Amino acid sequence: MRTVVIVPPLAAVSLNEAKRHLRVDWPEDDAFIASLIAAAQGHIDGPEGWLGRSIGLQTLEARLDAFCDAMRLPYEPVVRIVSVRYLDAANVVSAVPVGDYEVRGSLLGPSFGHRWPDALATEEAVRVEFVAGYEVVPAPIRAAILLMVGDLYANRESTAEGTKAPINMPTTVERLLWPYRVWS
């Protein structure tokens with residue numbers, strides 16, 4: 001299964017929050033700080049992120065080769081399904097009616113009394129578009145992003161001074177994020 005971001009999330013931390021955290025009160029670094037927020041959030045959020053889940057609300061599309069009875073949608077928490085589409089035997093894109101499927105947590109399956117239609121046997125024949133993420137980003141995740149922004153702002157090189165060793169994710173950040181990490 002491949003997952004594609006259709007609509008990316010908004011920043012989990014605002015520029016003003018980050019500037020207060022950094023104790024910066026001048027506008028010259030605004031663009032740089034905004035890029036650090038995006039980098040920190042991008043490192044942990046969504047399909048490419050360390051957490052293995054969605055942080056901010058975003059629209060994703062899971063692309064599968066076939067239907068199965070209980071499909072686990074990645075990058076929880078799943079908020080709602082936008083659409084379920086598939087290539088039929090005539091190679092035409094068709095939609096599964098809303099009442100024919102249901103979501104339980106991050107599992108998508110056919111509703112009682114229904115079954116999935118027959119999809120063409122080809123790569124990515126089934127596409128599930130869904131919204132995932134937190135409507136209110138949990139405080140530990142927000143705190144971790146702020147700590148990452150602070151670290152990136154203070155340490156503008158990829159190695160520690162006087163060494164060639166890369167700077168790893170700080171222990172405090174990892175511990176704040178640990179309970180939210182999805183292990184696969």
Side-chain angles (χ1 to χ4, degrees), residues 1-64 72-83 103 105-108 124 127-184:
M1 171 184 349
R2 183 167 70 107
T3 304
V4 177
V5 177
I6 304 297
V7 178
L10 298 175
V13 172
S14 74
L15 176 62
N16 287 334
E17 290 172 298
K19 287 178 73 172
R20 278 194 306 277
H21 175 76
L22 298 170
R23 296 182 179 97
V24 170
D25 60 1
W26 52 88
E28 291 80 12
D29 282 354
D30 285 5
F32 178 60
I33 295 168
S35 74
L36 297 180
I37 294 167
Q41 184 168 335
H43 178 69
I44 61 174
D45 189 15
E48 303 299 322
W50 183 82
L51 282 179
R53 74 170 54 241
S54 297
I55 296 172
L57 290 176
Q58 55 197 284
T59 304
L60 303 170
E61 184 177 74
R63 297 178 178 179
L64 305 104
R72 181 168 298 283
L73 296 174
Y75 314 111
E76 55 191 56
V78 174
V79 176
R80 67 181 170 83
I81 302 297
V82 175
S83 67
V103 180
S106 62
L107 291 176
L108 175 67
E124 300 185 352
R127 296 189 179 204
V128 180
E129 189 173 324
F130 62 103
V131 175
Y134 296 101
E135 291 189 41
V136 177
V137 177
I141 295 174
R142 293 170 43 78
I145 291 171
L146 287 171
L147 288 171
M148 291 170 71
V149 168
D151 192 43
L152 291 167
Y153 189 79
N155 302 295
R156 298 182 186 203
E157 301 297 327
S158 63
T159 59
E161 191 172 320
T163 71
K164 294 292 183 191
I167 298 171
N168 295 319
M169 189 182 316
T171 303
T172 305
V173 170
E174 199 168 313
R175 287 187 176 161
L176 284 167
L177 295 174
W178 198 266
Y180 297 94
R181 188 159 188 200
V182 175
W183 299 92
S184 53

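Throughout, numbering of the chain's residues begins at 1 and tracks the sequence. Bear in mind that the values here come from a model prediction, so they are computed numbers and not experimental data.
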Visitor: Do the non-hydrogen side-chain atoms of Y75 and V182 ever get within less than 4.5 Å of each other?
Guide: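 Counting from C-beta outward, Y75 and V182 never come under 4.5 Å.
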
Visitor: Kindly compute the distance separating CD (E61) from CD1 (I6), expressed to the nearest 0.5 Å.
Guide: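 Answer for the CD-CD1 pair, E61 versus I6, is 4.5 Å.
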
Visitor: Shortest non-hydrogen contact from I37 to S14?
Guide: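 Reported closest heavy-atom pair: CD1-O, 3.8 Å.
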
Visitor: Can you give me the closest heavy-atom contact between G150 and L22, atom names plus distance?
Guide: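 So the minimum-distance heavy-atom pair works out to CA-CD2, 3.4 Å.
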
Visitor: Residues two or more places apart in sequence or in another chain: which of them pass salt bridge (charged side-chain N to carboxylate O under 4.0 Å, His left out) with D30?
Guide: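 D30: salt bridge (charged side-chain N to carboxylate O under 4.0 Å, His left out) contacts with K19.
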
Visitor: Is the side chain of R23 donor-acceptor paired with the backbone N or O of R20 at a distance under 3.5 Å, no angle test?
Guide: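 Not a single qualifying donor-acceptor pair exists.
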
Visitor: Is the shortest heavy-atom distance from the side chain of E174 to the side chain of T172 under 4.5 Å?
Guide: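 They are not in contact (no side-chain heavy atoms under 4.5 Å apart), so the answer is no.
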
Visitor: Write down the atom of G46, the atom of Q58, and the distance for their closest heavy-atom approach.
Guide: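 Looking at all heavy atoms of both residues, the shortest contact is CA-OE1, 4.2 Å.
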
Visitor: Could you tell me the separation between the CD1 atom of I81 and the CG atom of L108, rounded to the nearest 0.5 Å?
Guide: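 Taking CD1 in I81 and CG in L108, the distance rounds to 5.0 Å.
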
Visitor: Show the nearest heavy-atom pair for residues L176 and A144, with the distance to one decimal.
Guide: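 In terms of heavy atoms, the two residues are closest at CD1-N, 3.8 Å.
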
Visitor: My understanding is that only residues two or more places apart in sequence, or in another chain, count here; which of them pass side chain to side chain donor-acceptor pair (under 3.5 Å) with S35?
Guide: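 Not a single residue meets the side chain to side chain donor-acceptor pair (under 3.5 Å) criterion with S35.
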
Visitor: In Å, rounded to the nearest 0.5 Å, how long is the span from CD1 of I145 to CG of L177?
Guide: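 Nearest 0.5 Å value for the CD1-CG distance: 8.0 Å.
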
Visitor: Tell me, do V13 and V149 make a side-chain contact under 4.5 Å, heavy atoms counted?
Guide: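 The answer is no, as the side chains (C-beta and beyond) never meet within the 4.5 Å cut-off.
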
Visitor: Considering residues, nucleotides and ligands other than R175, do more than 12 of their heavy atoms fall under 6.0 Å from its CZ?
Guide: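 No.
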
Visitor: Are V4 and R63 close enough that some pair of their side-chain heavy atoms sits under 4.5 Å apart?
Guide: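 Yes; the side chains approach each other to less than 4.5 Å.
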
Visitor: Is L10 atom CG crowded by more than 12 heavy atoms from other residues, nucleotides or ligands, each under 6.0 Å away?
Guide: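 Not more than 12 within 6.0 Å, no.
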
Visitor: Any side-chain heavy-atom pair from Y153 and M148 closer than 4.5 angstrom?
Guide: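 Y153 does not reach M148 side chain to side chain.
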
Visitor: Any chance you could measure M1, atom CE, to L64, atom CG, to the nearest 0.5 Å?
Guide: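 Taking CE in M1 and CG in L64, the distance rounds to 4.5 Å.
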
Visitor: May I ask you to test the L73-V128 pair for a side-chain heavy-atom distance under 4.5 Å?
Guide: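 When only atoms from C-beta onward are counted, V128 and L73 do touch, with a gap below 4.5 Å.
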
Visitor: With a 4.5 Å limit on heavy-atom distance, are the side chains of P74 and F130 in contact?
Guide: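 With C-beta onward as the side chain, the pair touches.
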
Visitor: Ignoring hydrogens, what is the shortest heavy-atom contact between A18 and I33? Give both atom names and the distance.
Guide: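 Scanning both residues, the minimum pair turns out to be CB-CG2, 3.8 Å.
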
Visitor: Indicate yes or no for a side-chain donor-acceptor contact from D45 to the backbone of Q41 under 3.5 Å, with no hydrogens or angles considered.
Guide: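 Pair absent, no side-chain N/O of D45 close to backbone of Q41.
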
Visitor: Can you tell me how far CG of L57 sits from CD1 of I55, rounded to the nearest 0.5 angstrom?
Guide: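 Rounded to the nearest 0.5 Å, the CD1-CG separation comes to 11.5 Å.
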
Visitor: Using the salt bridge (Lys or Arg N to Asp or Glu O under 4.0 Å) rule, take E129 and R127 through it: C-alpha gap first, then chi angles, then the decisive distance, then the call.
Guide: CA-CA 6 Å; E129 189 173 324; R127 296 189 179 204; over 6 Å; no

Visitor: Keeping to residues at least two apart or across chains, list the side chain to side chain donor-acceptor pair (under 3.5 Å) pairs with something in residues 131-148.
Guide: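 Listed once each, the pairs are E17-R142, R53-Y134.
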
Visitor: Any side-chain heavy atom of V82 sitting closer than 4.5 Å to one from V131?
Guide: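 Result yes, sub-4.5 Å side-chain heavy-atom pair found.
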
Visitor: Measure across L60 and A132 and return the closest heavy-atom pair with its distance rounded to 0.1 Å.
Guide: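 Residues L60 and A132, closest heavy atoms: CD1-CB, 4.2 Å.
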
